[in-house]
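Before any comments, here is the structure.
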Amino acid sequence: MKLPLIILPEVDSTQAFLQRHPELGFCAVLATSQTAGRGRGEHAWESPAGAGLWLSAALPLPQLAPGIVLQRAMGAVAELLQTPEVPLGLKWPNDLVARRGSGLVKVGGILGELQENRMILGLGINLSAAPSIPGRPIPPACLRDLGLEPPSAPELARGILQAWSRWDREPHPAFRWPAPGEAVAWEGDQGRCLGWLDDGRLELQTPGGPRQLSAGDLRSLTQLA
């Protein structure tokens with residue numbers, strides 16, 4: 001399905017715009033800037049004019065677990081943008097990240113919401129600038145800082161929408177973090193990754209035994225020093 005793409009100079013949130021307009025059916029909206037962009041949970045997403053890609057798409061409901069939809073959607077974005085010199089990865093549950101030194105930086109985020117017969121995916125990617133957010137264990141970065149020069153936002157949006165029309169295909173980002181064996185910490189607990197599960201959850205070995213986490217079980221996942 002080729003989705004119509006609506007381009008707006010400014011909107012409060014592309015995600016909110018599509019939620020307000022179910023009559024538009026299956027379509028996508030791209031904004032030059034957002035005044036109230038949203039991240040996962042209660043986080044705001046800074047989205048000034050021209051600094052990034054702010055895109056939401058209302059899609060038919062895929063026959064997949066929601067967590068897998070988000071991971072495949074962001075994995076497809078990583079495939080489109082990465083180069084052999086600048087690999088991009090997927091940080092569980094669904095962030096777009098790159099490696100910088102011994103750590104990670106975050107260049108994109110995604111969220112998904114259901115509305116009747118539609119799944120609305122909201123994607124933000126820092127293209128030419130990233131916000132300054134002190135204290136984040138995984139700080140923001142933009143593609144330009146990493147040495148990547150992406151196409152224009154409309155051209156990139158159309159490439160992403162084409163990739164999102166193929167849920168039967170599993171994309172292959174350059175890496176997934178955490179990989180099996182890596183030690184991680186989150187609110188009040190820590191463990192070692194055992195693997196990414198087929199339903200989108202993360203399986204870990206903790207001091208109390210094996211545990212399976214879903215995206216709603218934690219606010220942040222960090223490397224354990």
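Computed from a predicted structure; not experimentally measured. Below, all heavy atoms of this structure are taken into account, side chains as well, without hydrogens, waters or symmetry copies.
- To the nearest 0.5 Å, the span separating OG1 on Thr32 from CD1 on Ile7 amounts to 7.5 Å.
- Leu104 contributes atom CG, which lies 8.0 Å from atom NZ of Lys91 (distance to the nearest 0.5 angstrom).
- Every ring pair (Phe, Tyr, Trp, His ring centres under 6.0 Å) that Phe17 has, sequence neighbours left out, goes to His21.
- Note that the OG atom of Ser128 and the CD atom of Glu149 stand 8.5 Å from one another [nearest 0.5 Å].
- Put simply, CH2 on Trp167 and CG on Leu64 are 8.0 Å apart, with the number rounded to the nearest 0.5 Å.
- Taking the centre and axis of the six-membered ring of Phe26, the NZ or CZ atom of Arg118 falls outside the cone set by 45° and 6.0 Å.
- Here the side chain of Asn126 pairs a donor or acceptor atom with the backbone of Ala141 at under 3.5 angstrom.
- Judged by distance alone, with hydrogens and angles left aside, the side-chain atoms of Trp186 form no donor-acceptor pair with the main-chain N or O of Thr222 at under 3.5 Å.
- Side-chain contact check for Leu90 versus Val97: every heavy-atom pair is 4.5 Å or farther apart.
- For Gln82 (side chain) and Ala174 (main-chain N/O), a donor-acceptor pair under 3.5 Å exists by modelled atom type.
- Pairs of residues two or more places apart, or lying in two chains, that qualify as salt bridge (Lys or Arg N to Asp or Glu O under 4.0 Å) and include a residue from residues 172-192 are Glu170-Arg176, Asp189-Arg211.
- Applying the salt bridge (Lys or Arg N to Asp or Glu O under 4.0 Å) test to Glu10 and every residue at least two apart in sequence or in another chain returns nothing.
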Checking salt bridge (Lys or Arg N to Asp or Glu O under 4.0 Å) for the pair Glu79/Arg169: CA distance, chi angles, key distance, verdict? CA-CA 12 Å; Glu79 277 191 334; Arg169 178 185 172 275; 3.0 Å; yes
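- For the residue pair Gln19/Gln115, the side-chain donor-acceptor check at 3.5 Å is not satisfied.
- In this structure, Asp168 does not pair ionically with Arg72, as no charged nitrogen and carboxylate oxygen lie closer than 4.0 Å.
- Judged by distance alone, with hydrogens and angles left aside, the side-chain atoms of Asp199 form a donor-acceptor pair with the main-chain N or O of Arg201 at under 3.5 Å.
- Remark: side-chain polar atoms of Gln190 are not paired, donor with acceptor, to backbone N or O of Ala183 under 3.5 angstrom.
- Between the Trp92 side chain and the Gly200 main chain, a donor and an acceptor come within less than 3.5 Å of each other.
- Panel note: side chain Trp196, backbone Pro178; a donor-acceptor pair is recorded below 3.5 Å.
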